[in-house]
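Here is the structure we will look at.
Reminder, nothing fancy here: chain letters follow the sequence lines and each chain counts from 1. Both backbone and side-chain heavy atoms feed into the values below; hydrogens, waters and symmetry mates do not.
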Number of protein chains: 2
Amino acid sequence: MVTSRTSSIGGFKDTRPRRLVLRELQKSKRAVEPTELHRRLRGQVDPVTVYRVLRAFEERGLVHRHPSSGGFALCTMPDTSGHHGFLSCRKCGRVQEFVDKNLCKQEDRIAESSGFTSESHVTDIIGVCQSCR
Amino acid sequence: MVTSRTSSIGGFKDTRPRRLVLRELQKSKRAVEPTELHRRLRGQVDPVTVYRVLRAFEERGLVHRHPSSGGFALCTMPDTSGHHGFLSCRKCGRVQEFVDKNLCKQEDRIAESSGFTSESHVTDIIGVCQSCR
DNA sequence: ATCGTTGCAAAACCTTTGCACCAAT
DNA sequence: ATTGGTGCAAAGGTTTTGCAACGAT
């Protein structure tokens with residue numbers, strides 16, 4: 001599962017703050033807001049650094065923002081070019097990603113029929129997950 | 001306790017700031033961020049009031065937040081209980097709402113197959129609109 | 001007359017910037 | 001050695017709160 005990506009990809013240094021932020025995101029399988037992240041890492045990582053780390057991660061597609069919560073979550077999907085699907089539990093906050101070709105197609109169809117050229121889509125399904133029901 | 005919110009329009013007063021904010025949202029058929037709104041209404045409406053008006057509107061389902069931009073847009077659809085579709089032009093910023101029963105069904109199906117009980121979904125299709133192409 | 005609504009001032013918050021030092025490669 | 005990353009301090013910007021006055025119903 002988790003691959004230790006200690007390779008030097010485009011000047012991406014393996015530092016303590018980054019490892020800590022990454023671990024924190026892995027621990028909670030949900031979207032976490034920057035403020036919560038640096039609350040959790042208080043004393044260990046400077047708040048400013050948390051923002052910078054998140055930005056770096058986002059630029060490299062390691063994390064992305066979750067639409068309804070605004071928090072950051074680890075990218076768990078091969079991230080097939082701009083088609084993001086989220087299943088969000090409003091009780092426990094768990095966020096699960098999904099990809100669905102048919103949904104994409106349907107979305108493209110909708111765009112076309114309105115004269116839009118679709119480039120990417122984000123779908124957020126909010127509900128209650130199995131273990132919270 | 002909570003006052004009965006069942007009076008005709010639920011104690012929703014027709015005031016100058018509200019008319020101005022509403023008009024501003026109508027003028028620009030796109031999602032507008034709070035900061036831009038009070039920049040446009042500078043001198044006419046207090047910034048604080050802009051936030052309060054937006055919150056009041058949102059609570060009454062008159063406006064909603066647009067996922068990718070974070071701005072507010074007038075609700076142009078009958079708002080059929082939590083199924084929001086947006087077509088967003090990344091060039092001109094225009095936001096067009098849509099509803100699509102099939103998309104909804106498909107989203108519900110995806111939720112079910114992952115053990116989620118779907119309550120609402122938001123779809124944001126980002127691309128380029130006809131007149132910007 | 002009653003309450004919700006507004007404006008103002010100030011506070012609270014979150015996020016970014018600048019800069020010198022440090023560390024991973 | 002180089003280059004990017006970090007911490008600290010401070011600034012910047014947005015949003016919220018408290019309170020007295022106002023005004024729509």
Side-chain angles (χ1 to χ4, degrees), chain A residues 3-25 28 30-73 93, chain B residues 1-25 28 30-73 93:
Chain A
T3 54
S4 56
R5 40 176 27 262
T6 37
S7 48
S8 57
I9 306 171
F12 193 62
K13 291 186 183 174
D14 182 17
T15 67
R16 210 182 65 94
R18 289 178 178 179
R19 280 191 297 273
L20 288 171
V21 170
L22 200 59
R23 187 164 63 84
E24 209 53 55
L25 289 172
S28 68
R30 42 180 233 82
V32 188
E33 303 187 10
T35 64
E36 192 178 337
L37 265 179
H38 59 246
R39 209 177 311 131
R40 292 193 200 167
L41 295 170
R42 190 170 1 117
Q44 304 188 80
V45 182
D46 189 280
V48 175
T49 299
V50 170
Y51 288 105
R52 294 196 270 224
V53 166
L54 286 174
R55 187 186 306 169
F57 282 0
E58 193 177 26
E59 278 164 2
R60 287 164 176 90
L62 235 137
V63 302
H64 39 215
R65 274 172 189 286
H66 177 247
S68 50
S69 70
F72 286 85
Chain B
M1 279 309 291
V2 183
T3 59
S4 66
R5 55 192 335 286
T6 29
S7 60
S8 42
I9 320 270
F12 194 61
K13 292 186 182 172
D14 182 16
T15 67
R16 210 183 65 95
R18 287 176 180 182
R19 282 192 297 275
L20 288 171
V21 169
L22 201 57
R23 187 165 63 82
E24 208 52 55
L25 288 172
S28 70
R30 42 181 233 82
V32 189
E33 303 185 11
T35 64
E36 192 178 338
L37 266 179
H38 62 244
R39 209 177 312 132
R40 292 193 199 167
L41 295 169
R42 191 171 0 119
Q44 304 189 79
V45 181
D46 189 280
V48 175
T49 299
V50 170
Y51 288 104
R52 292 195 271 225
V53 167
L54 286 173
R55 187 185 306 171
F57 283 179
E58 193 177 25
E59 279 165 2
R60 286 164 177 90
L62 235 137
V63 303
H64 39 214
R65 272 173 189 287
H66 177 246
S68 51
S69 70
F72 286 86

| Value in whole Å for how far the P atom of C:dC14 lies from CG of A:L37 | 13 Å
| Rounded to the nearest 0.5 Å, what separation is found between the CG atom of A:L37 and the CZ atom of A:F72? | 9.0 Å
| request: Grab the CD-P distance between A:E58 and C:dT15 for me, whole Å please. | output: 12 Å
| query | Once you round it to whole Å, what is the distance between C1' of C:dG7 and CZ of B:R18? | reply | 14 Å
| request: Tell me which nucleotide among D:dG23, C:dT25, D:dC8 gets nearest to the side chain of A:D14. | output: C:dT25
| query | Are side-chain heavy atoms of B:L41 and B:E24 found at a separation under 4.5 Å? | reply | yes
| task | Grab the CZ-C1' distance between A:R65 and C:dC14 for me, whole Å please. | result | 12 Å
| query | Using a cut-off of 4.0 Å on non-hydrogen atoms, how would the nucleic acid contact of B:P47 be classed: base, sugar-phosphate, or nothing? | reply | nothing
| request: Measure the distance from CG on B:L54 to P on D:dT14 and round it to the nearest whole Å. | output: 14 Å
| message | Is there a side-chain contact between A:T15 and the phosphate of D:dG4, meaning an N or O under 4.0 Å from OP1 or OP2? | response | no
| said: Please find the pair of heavy atoms, one from A:P34 and one from A:V50, that lie closest to each other, and give the distance. | reply: O-CG1, 4.2 Å
| message | Using whole Å, what does the distance between atom C1' of nucleotide D:dT6 and atom CZ of A:R16 come to? | response | 10 Å
| query | Of the candidate nucleotides C:dT6, D:dG5, D:dT14, which contains the atom at the shortest distance from the side chain of B:V53? | reply | C:dT6
| query | Between B:R40 and B:E36, does at least one N-O distance fall below 4.0 Å, as a salt bridge requires? | reply | yes
| said: So if I take every side-chain heavy atom of B:R55 and compare against D:dT16, D:dG7, C:dT6, which nucleotide ends up nearest? | reply: D:dT16
| field | d(OH, A:Y51; P, C:dT15) in whole Å | value | 3 Å
| note | Which of C:dA24, C:dC8, C:dT5 is nearest the side chain of A:K13? It is C:dA24
| Between A:R18 and A:A56, which heavy-atom pair has the shortest distance, and what is it? | NH2-CB, 4.1 Å
| task | Round to the nearest Å and state the distance from B:H38 atom NE2 to D:dG13 atom P. | result | 12 Å
| query | For B:P34 and A:V45, take the nucleotide of DNA chain D holding the closest heavy atom to each; which residue's nucleotide lies nearer the 5' end? | reply | A:V45
| task | Check every strand shown and say whether A:R39 touches a base, only sugar-phosphate, or nothing at a heavy-atom separation below 4.0 Å. | result | nothing
| message | Looking only at the side chain of A:R52 (C-beta and beyond, no hydrogens), which of the listed nucleotides C:dA9, C:dC19, C:dT6 gets closest? | response | C:dC19
